[in-house]
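Worksheet for the structure shown next.
We use all heavy atoms of the structure for the numbers below, so side chains are in, but hydrogens, waters and symmetry mates are not. The first residue in the sequence is number 1, and the count goes up from there.
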Amino acid sequence: MGVKQAIKNLDAFPRAEEHLLQKTQSGALVSIVGLVIMATLFFHELTYYLSTYTVHQMSVDLKRGETLPIHINMTFPSLPCDVLSVDAIDMSGKHEVDLDTNIWKLRLNSHGHIIGTEYLSDLVEKEHAAHKHDDENEHHDDADKKLHALGFNEEAENMIKKVKKALDNGEGCRVYGVLDVQRVAGNFHISVHGLNIYVAQMIFGGATHVNVSHMIHDLSFGPKYPGLHNPLDGTVRILHETSGTFKYYIKIVPTEYRYIWKEVLPTNQFSVSEYFSPMKEYDRSWPAVYFLYDLSPITVTIKEERRSFLHFITRLCAVLGGTFALTGMLDRWMYRLIEEVTKASGGRAYR
């Protein structure tokens, strides 16, 4: 008997007799409010527990012999598709002609609506298939030799007329697709370099009249993962009564995204800075949009993780217990306040 009484003395929740309990309207109101608050906090904590968070880790990049996918989606509102070409060069200066590449060009009218499609199977202009070029001047010199050998034929004249008509109609071009390059530093650019220099001169009347205004809808180096922001997406560069060369200097950071279910997504994120060089009247170069990229030796691993169940229970007890204690204090204060008011007014308190 003494042991049972000792155990009873440890009870932190003593029960009062039923007739000693007094239920009030204010207590009911506080209870309803407290239940709503506790239910809201419970679902908030449950959502917080079920959601994931990311942990970033860094390590040395050990990948070798892999290709780098470049996703391109750009619009050139002032240049027809017939004059645009895409070119890629790695850090050794070698032209990558035989790439497994899928690039499309969409003809656009002056309102930006699609009027035709062209598929570029070999990525770059045909003049580059048989040789390397270290800069655009060397490329134009080789093209000049070819022009002298072939002469101005009917095909070239028809092409010039066709492009001039497209320019007069305000045609533009959308270039999109995937470019697979070697995993080394290099650049790719979109320009009118595929044209023979004399043909380009007859079409535009000089390099200063080549308008390389562009909009970058998407430029990425791999699949997207949750939270990824590509800094060039949505970039708009419009030139008015001037021309020049845009250069985007890109630093690529190899990235692995590990989902909570252990699936690994290899991709890349990047930072960028840009430079614009206005075209001068006697410049020998022609306007272009360059993307010069280099790879970081550090790989970033982003891991999705979920909070532990013990952490969830701890937070749940804290918020529910705190709400219960707070509503109890509020009920006592309201009871005393109403009691004092009724005593002061001499009326009867209906509770």
Side-chain angles (χ1 to χ4, degrees), residues 38-74 88 90 96 99-104 123 174-188 215-235 248-274 291-320:
M38 285 190 283
T40 303
L41 292 176
F42 170 77
F43 285 111
H44 177 271
E45 289 299 322
L46 182 62
T47 304
Y48 182 71
Y49 166 68
L50 295 177
S51 64
T52 60
Y53 65 97
T54 55
V55 176
H56 293 66
Q57 298 175 340
M58 292 186 293
S59 61
V60 177
D61 183 20
L62 302 177
K63 294 179 182 177
R64 293 183 181 180
E66 298 182 5
T67 58
L68 179 68
I70 304 175
H71 299 261
I72 308 170
N73 190 350
M74 298 178 61
D90 66 19
E96 300 293 344
L99 296 175
D100 181 17
T101 305
N102 294 307
I103 297 291
W104 282 265
L123 170 67
R174 186 164 187 168
V175 181
Y176 73 98
V178 180
L179 175 66
D180 289 316
V181 298
Q182 294 181 358
R183 199 178 178 83
V184 294
N187 79 76
F188 67 95
M215 293 170 280
I216 303 176
H217 308 290
D218 175 52
L219 181 70
S220 57
F221 296 85
K224 295 185 178 180
Y225 60 85
L228 174 64
H229 171 68
N230 294 320
L232 285 178
D233 290 0
T235 298
Y248 296 94
Y249 297 91
I250 297 172
K251 192 69 172 182
I252 301 173
V253 181
T255 303
E256 284 187 350
Y257 192 89
R258 298 179 180 270
Y259 289 95
I260 192 71
W261 53 85
K262 306 302 180 183
E263 180 185 351
V264 178
L265 178 68
T267 183
N268 299 278
Q269 52 184 322
F270 66 93
S271 62
V272 64
S273 59
E274 64 176 286
F291 298 90
L292 302 97
Y293 56 88
D294 193 8
L295 285 93
S296 169
I298 301 298
T299 294
V300 175
T301 301
I302 306 174
K303 297 169 59 178
E304 284 186 346
E305 293 190 358
R306 182 166 289 156
R307 297 160 188 87
S308 68
F309 183 73
L310 183 61
H311 184 264
F312 168 66
I313 293 298
T314 303
R315 289 177 59 95
L316 193 61
C317 291
V319 296
L320 296 184

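Applying the side chain to side chain donor-acceptor pair (under 3.5 Å) rule to Asp218 yields no partners; only residues at least two apart in sequence or on another chain are considered.
Side chains of Gln269 and Tyr257 form no contact here, defined as non-hydrogen atoms less than 4.5 Å apart. The shortest distance between side-chain heavy atoms of Arg183 and Asp61 falls below 4.5 Å. Using a 4.5 Å heavy-atom cutoff, the side chains of Phe312 and Arg307 are not in contact. Contact check for Val175 versus Ile103: side-chain heavy atoms found under the 4.5 Å cut-off. Using a 4.5 Å heavy-atom threshold, the side chains of Asn73 and Arg174 count as touching. Between Phe291 and Val272, the closest side-chain pair of non-hydrogen atoms is not below 4.5 Å. The shortest distance between side-chain heavy atoms of Lys63 and Glu256 falls below 4.5 Å. Counting heavy atoms from C-beta on, the side chains of Leu219 and Tyr248 never come closer than 4.5 Å.
Under the 3.5 Å distance criterion, the side-chain polar atoms of Thr255 are left unmatched by any main-chain donor or acceptor of Thr267.
Here the closest heavy-atom approach between residue Leu316 and residue Phe42 is recorded as CD1-CD1, 3.4 Å. Scanning both residues, Asn268 and Phe221, for their nearest heavy atoms gives ND2-O, 2.7 Å. For Val253 against Val300, the heavy-atom pair with the smallest separation is CG1-CG2, 3.6 Å. Between Met74 and Ile216, the shortest heavy-atom distance links the atoms CE-CG1, 4.0 Å. Tyr259 approaches Pro226 most closely through the heavy-atom pair OH-CD, 3.7 Å. The minimum heavy-atom distance linking Arg306 with Tyr53 is given by the pair C-CE2, 4.0 Å.
Rounding to the nearest 0.5 Å gives a distance of 10.5 Å between CD of Glu274 and CD1 of Ile250. For the atom pair CG (Leu46) and OG (Ser51), the distance works out to 10.0 Å, reported to the nearest 0.5 Å. Put simply, CG on Asp233 and NE2 on His217 are 10.5 Å apart, with the number rounded to the nearest 0.5 Å. To the nearest 0.5 Å, atoms CD1 (Ile313) and OH (Tyr49) are separated by 8.5 Å. Of the inter-residue distances, the one linking Ile260 atom CD1 with Glu305 atom CD reads 7.0 Å to the nearest 0.5 angstrom. In this structure, Phe270 CZ and Leu228 CG are separated by 8.0 Å, a value rounded to the nearest 0.5 Å.
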Exercise. side-chain contact (heavy atoms from CB on, under 4.5 Å) between Val181 and Phe188: does it pass, once the steps are laid out?
Worked result: CA-CA 10 Å; Val181 298; Phe188 67 95; over 6 Å; no
For this session: Decide side-chain contact (heavy atoms from CB on, under 4.5 Å) for Leu68 and Ile252; before the verdict, give the C-alpha distance in whole Å, the side-chain angles of both, and the deciding distance to 0.1 Å.
Result: CA-CA 10 Å; Leu68 179 68; Ile252 301 173; 3.7 Å; yes
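Taking a 6.0 Å sphere around CZ of Phe309, one finds it holds 12 or fewer heavy atoms contributed by other residues, nucleotides or ligands.
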